[in-house]
Amino acid sequence: MEREKGYVNNPVPSIPFPSLIEEMLELEDNIWKSWIFHYLLLFYEKYNRAELKQKIENEQKRKKSRIEKTIADFLRKWLRNNTEFNKNIGFRINRESLSEGDYESYYDIIIEHSFWDKMFCFECKNLTEKQELIKKYVDGGLYRYFNGKYAQQQYFGGMLGFVLEDNYLNIKDKIHKKLKEKFDITPEGDLLKISDNSIQQNDFTFDSYHNRKNKEFIIHHLLFNICQ
């Protein structure tokens, strides 16, 4: 059954976030990630839908609209303005440049912490049921993790899909099917398995496990139904 409008399963992580630096340094990656997921889901649960809708409509009037960037900027601002996320826990949102041939690009969202030796990178893509956007999500989004650009010193990354119209469960199913195809350019990134409803059992989430340099690489997917 499709989730009810506005409903997000998002309990506070079972392991409290420590206050002592020594305890933070000993936290496992999964604990850090669980707290990041908590705040991403909190955004999805509580963001001002009317405000974001207006921003999207204003952007659509531009000659070269950048809706994807508009939503990502809105999310970054929400996280930066969240006192618990930003000050009490100490997460920060950064932008780090990437070399893209003759021009410079950026990770869409990076979440870091001074006492965590990892960074959580997220690539953002707009989504509908149109096959061209499904293809862009996989070949233009996930592929960055396997072509030497994203998270090369890590074993995980993230994808944020902004569902602008259509049924998000149908979109998730189309992504699953697309992921099962072999990458055209390189075997890096070939799918090993999918774990569905992986983040707090929310049906708009899943994890995909891939082969990268003969090691398992996990991508955590969250499909935010912006159009609701």
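In this structure, Glu26 contributes its side chain and Met24 its backbone to no donor-acceptor pair below 3.5 Å. The backbone N or O of Lys136 lies less than 3.5 Å from no partner atom in the side chain of Asp139, so there is not a single donor-acceptor pair. Between the side chain of Ser65 and the backbone N or O of Ile67 there is no donor-acceptor pair closer than 3.5 Å. Between the Glu129 side chain and the Asn167 main chain, a donor and an acceptor come within less than 3.5 Å of each other.
Listed by chain and residue number, nothing satisfies the side-chain contact (heavy atoms from CB on, under 4.5 Å) test with Ser19 (two or more places apart in sequence, or in another chain). Checked against ring pair (Phe, Tyr, Trp, His ring centres under 6.0 Å), Tyr209 has no partners two or more places apart in sequence or in another chain. Remark: Phe156 engages Phe120 in a ring pair (Phe, Tyr, Trp, His ring centres under 6.0 Å) (not counting sequence neighbours).
The pair Lys69-Asp73 meets the salt-bridge criterion, with a side-chain N (NZ, NE, NH1 or NH2) lying under 4.0 Å from an Asp/Glu carboxylate O. Taking 4.0 Å as the cut-off between side-chain N and carboxylate O, Asp196 and Lys172 count as a salt-bridged pair. A salt bridge links Lys125 with Glu123: the closest approach of a Lys/Arg side-chain nitrogen to an acidic carboxylate oxygen falls below 4.0 angstrom. Between Lys135 and Glu132 no salt bridge is recorded (no basic side-chain N to carboxylate O distance below 4.0 Å).
Ring-centre distance between Tyr145 and His210: not below the 6.0 Å cut-off.
Atom CG of Leu25 has more than 12 neighbouring heavy atoms from other residues, nucleotides or ligands inside a 6.0 Å radius.
Going from atom CZ of Phe162 over to atom CG of Leu52 covers 9.0 Å, rounded to the nearest 0.5 Å. For the atom pair Met159 CE and Asp108 CG, the distance stands at 8.5 Å (nearest 0.5 Å). Atom CD1 of Ile226 is separated from atom OG1 of Thr70 by 11.5 Å, given to the nearest 0.5 angstrom.
In this structure, Leu223 and Thr205 have side chains that are not in contact, with every pair of non-hydrogen atoms separated by 4.5 Å or more. Contact of the Leu160 side chain with the Ile109 side chain is registered, since non-hydrogen atoms from C-beta on lie closer than 4.5 Å.
Annotation: cation-pi pair Arg49/Tyr47 present, NZ/CZ under 6.0 Å from the ring centroid and within 45° of its normal.
Asp207 and Ser198 share a donor-acceptor pair across their side chains, judged by distance under 3.5 Å alone.
Ring orientation note: the planes of Tyr44 and Phe224 are close to parallel, at an angle under 30° on the 30°/60° scale.
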